[in-house]
*Asks:* 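Quick one: the structure is below, questions incoming.
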Amino acid sequence: MAMPQPSDPGVGSGAARPPSSRKPAARVLARLSLLGVAVWLAWQAFGVLVAYRESRAVARELPDLPPVHGVPPRRDAGFPVKVWLHRVNSVERAVRMAKQFRGMEIDVMYDSAANSFDVGHPPAPSIGLSLDRLLGAVPDVAGHYFWIDFRNLTNTNAPAACTRLVAIARKHNLISHMIVESVHPTALACFTDNGFRTSYYLFPEVSLPAMNTAQRTAYYAEVKAGLAASNVNALSMSYESLPFVDRYFPDADVLTWYRERDRNLRYYVTLAYLKARSRIQVILIRQMSRGYR
């Protein structure tokens, strides 16, 4: 009679492998994971390098024109934070995001007939929200800062609009906490004179990289003339157009926006670079929330 043999622990459907047999597979998995991380980091670094080269290429292609010094005159911003939130055009978004951001940008259209600022970003339809009501809904409104993108300011409506904004800002104790921005620098004179920080909005229709040499030369002359005829405090533009002010208006305080959606290495490196630049006083960033419009 055959003697029963000891059971083999490695045989059978329910038998577990010894720990030593799992080590090679674990090592392979770890190496693959590290390789994946290395590839991802290399790709992200490549994106940063491409962005840098694109910016340098634009700077090198700028026409040889003399820098304009001393304008706009420098002014201490007094803002406690650099990173502000872009496009806060509803009460819901303002209340929600005021907990996270001390600075917020608001788009307005002045209604001369109603002597009121309608909050909204054309072509989005109006929802009948006034700037006064929006500010009144912000918790601790006097502890916040507001970039007012004045989308229809003209030399004609400037006096009445300025009087109305002064009244609203005083009501909420915000005169020194507000930036008023427009593509028409001369129309901002009353706002500067009343203590608001003002900014000349550059490249409203086409960015610097999209311009040819003739367009860049003509725009240089336009901005230079606009600054000579106005008393604005700063220049504002997308980060893509920063080489223009770096080259031609090296003394100006700058407000900019960086509205990339992806939170990747390129985003964080670019944002850190913008924050480190002393002449850049505010950076608007994009962050979605309920109430975005």
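Count residues from 1 along the sequence.
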*Asks:* Can you list everything that forms a salt bridge (charged side-chain N to carboxylate O under 4.0 Å, His left out) with Glu92? Sequence neighbours excluded, please.
*Replies:*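 Glu92 satisfies salt bridge (charged side-chain N to carboxylate O under 4.0 Å, His left out) with Arg290 once adjacent residues are dropped.
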*Asks:* Using the rule that two of Ile, Leu, Val, Met, Phe, Trp, Tyr join whenever any of their side-chain heavy atoms come within less than 4.5 Å, decide whether Trp147 and Phe203 are in one cluster.
*Replies:*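 In one cluster with Trp147: Phe203, no.
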*Asks:* Could Arg216 and Tyr219 be counted as a cation-pi pair, given that NZ or CZ must be under 6.0 Å from the ring centre and within 45° of the axis?
*Replies:*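 No.
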*Asks:* Applying disulfide (SG to SG under 2.5 Å) as the test, list every pair that has at least one member in residues 127-216; sequence neighbours left out.
*Replies:*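 Matches after skipping sequence neighbours: Cys162-Cys190.
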*Asks:* From Leu227 CG over to Leu235 CG, what is the distance, rounded to the nearest 0.5 angstrom?
*Replies:*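 Rounded to the nearest 0.5 Å, the CG-CG separation comes to 5.5 Å.
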*Asks:* Using only heavy-atom distances, determine whether the side chains of Thr198 and Thr192 contain a donor-acceptor pair under 3.5 Å.
*Replies:*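 Per modelled atom types, Thr198 and Thr192 side chains form a pair under 3.5 Å.
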*Asks:* Just checking, any donor-acceptor pair under 3.5 angstrom between side chains of Ser289 and Arg93?
*Replies:*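 Result is yes, a qualifying pair exists.
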*Asks:* Which pairs with one or both residues in residues 114-129 pass side chain to side chain donor-acceptor pair (under 3.5 Å), sequence neighbours excluded?
*Replies:*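 Pairs touching residues 114-129 that pass the test: Tyr110-Asn115, Asp118-Ser126.
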*Asks:* If only atom types and distance count, is the side chain of His177 paired as donor or acceptor with the main-chain N or O of Phe146 below 3.5 Å?
*Replies:*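 No.
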*Asks:* For this output row, return yes or no: ring centroids of Phe244 and Tyr220 closer than 6.0 angstrom.
*Replies:*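 Not under 6.0 Å, so no.
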*Asks:* Would you sort out whether Arg151 and Val108 count as a side chain to side chain contact (heavy atoms under 4.5 Å, CB included), showing the intermediate values?
*Replies:* CA-CA 6 Å; Arg151 306 194 66 84; Val108 302; over 6 Å; no
*Asks:* Nearest 0.5 Å, please: how far is NE2 in His144 from CE in Met104?
*Replies:*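 That separation rounds to 5.0 Å.
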*Asks:* Is there a donor-acceptor contact under 3.5 Å from the side chain of Ser230 to the main chain of Thr186?
*Replies:*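 Flag not set: sc Ser230 to bb Thr186 has no pair under 3.5 Å.
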*Asks:* Does any pair with a residue in residues 202-212 pass salt bridge (charged side-chain N to carboxylate O under 4.0 Å, His left out), and if so which ones, sequence neighbours excluded?
*Replies:*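 Residue pairs with at least one partner in residues 202-212: there are none.
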*Asks:* Between the main-chain N or O of Thr256 and the side-chain N or O of Ser236, is there a donor-acceptor pair closer than 3.5 Å?
*Replies:*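 Checking the backbone N and O of Thr256 against the side chain of Ser236, no donor-acceptor pair under 3.5 Å is found.
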*Asks:* Step by step, would you call Val88 with Glu105 a side chain to side chain contact (heavy atoms under 4.5 Å, CB included)?
*Replies:* CA-CA 6 Å; Val88 182; Glu105 184 230 14; 5.9 Å; no
*Asks:* Mind checking whether Trp84 and Phe79 have ring centres under 6.0 Å apart?
*Replies:*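 Between Trp84 and Phe79, the centre distance is under 6.0 Å.
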*Asks:* Taking the six-membered ring for Trp, is the centroid-to-centroid distance between Trp257 and Tyr201 below 6.0 Å?
*Replies:*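 Yes: the rings meet the under 6.0 Å criterion.
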*Asks:* Consider only side-chain heavy atoms of I, L, V, M, F, W and Y, link residues closer than 4.5 Å, and tell whether Leu134 and Ile175 are in one cluster.
*Replies:*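 Yes, Leu134 connects to Ile175 through the hydrophobic network.
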*Asks:* Kindly indicate, with the supporting measurements, whether the criterion side chain to side chain contact (heavy atoms under 4.5 Å, CB included) is fulfilled by Leu284 and Leu255.
*Replies:* CA-CA 8 Å; Leu284 296 179; Leu255 315 175; over 6 Å; no
*Asks:* May I have all residue pairs that pass disulfide (SG to SG under 2.5 Å) and include part of residues 219-276, sequence neighbours excluded?
*Replies:*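 Qualifying pairs: none.
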*Asks:* Assigning hydrophobic clusters by single linkage (Ile, Leu, Val, Met, Phe, Trp, Tyr; side-chain heavy-atom cutoff under 4.5 Å), is Met178 placed with Ile283?
*Replies:*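 In one cluster: yes.
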*Asks:* Is it the case that one hydrophobic cluster holds both Leu271 and Leu242, taking links as side-chain heavy atoms less than 4.5 Å apart, direct or via other members?
*Replies:*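 In one cluster with Leu271: Leu242, yes.
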*Asks:* I need the Phe101 CZ to Met97 CE distance, nearest 0.5 Å.
*Replies:*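 Those atoms lie 5.0 Å apart.
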*Asks:* Is any side-chain heavy atom of Pro67 closer than 4.5 Å to one of Tyr248?
*Replies:*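 Counting from C-beta outward, Tyr248 and Pro67 never come under 4.5 Å.
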*Asks:* What pairs meet the salt bridge (charged side-chain N to carboxylate O under 4.0 Å, His left out) rule with one or both residues in residues 232-254, with sequence neighbours excluded?
*Replies:*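 Those involving residues 232-254 are Asp64-Arg247, Arg74-Asp253, Arg197-Asp253, Asp246-Arg277, Asp246-Arg279.
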*Asks:* Between Arg293 and Asn89, is any side-chain donor less than 3.5 angstrom from a side-chain acceptor?
*Replies:*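 No, no side-chain donor-acceptor pair sits under 3.5 Å.
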*Asks:* Does any donor atom in the side chain of His86 or Arg259 lie under 3.5 Å from an acceptor atom in the other side chain?
*Replies:*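 Checked: His86/Arg259 side chains pair up, N/O donor to acceptor below 3.5 Å.
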*Asks:* Please round to the nearest 0.5 Å and tell me the distance separating atom CZ of Phe150 and atom CG of Leu131.
*Replies:*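 Reported to 0.5 Å precision, the distance equals 10.0 Å.
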*Asks:* Looking at Thr154 and Asn157, would you say the former's side chain and the latter's main chain have a donor-acceptor pair under 3.5 Å?
*Replies:*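 It does hold such a pair.
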*Asks:* If you apply the rule side chain to side chain contact (heavy atoms under 4.5 Å, CB included), what do you find for Val254 with Met237, and how did you get there?
*Replies:* CA-CA 8 Å; Val254 173; Met237 78 295 302; 3.9 Å; yes
*Asks:* Which residue is it: Asp107, Leu129, Leu165, Ile106? I am looking for the one with a side-chain contact (heavy atoms from CB on, under 4.5 Å) to Phe117.
*Replies:*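 The side-chain contact (heavy atoms from CB on, under 4.5 Å) with Phe117 is passed solely by Leu165 among Asp107, Leu129, Leu165, Ile106.
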*Asks:* How many angstroms lie between NZ in Lys171 and CG in Asp132, if you round to the nearest 0.5 Å?
*Replies:*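 Spacing of NZ (Lys171) from CG (Asp132) equals 3.5 Å.
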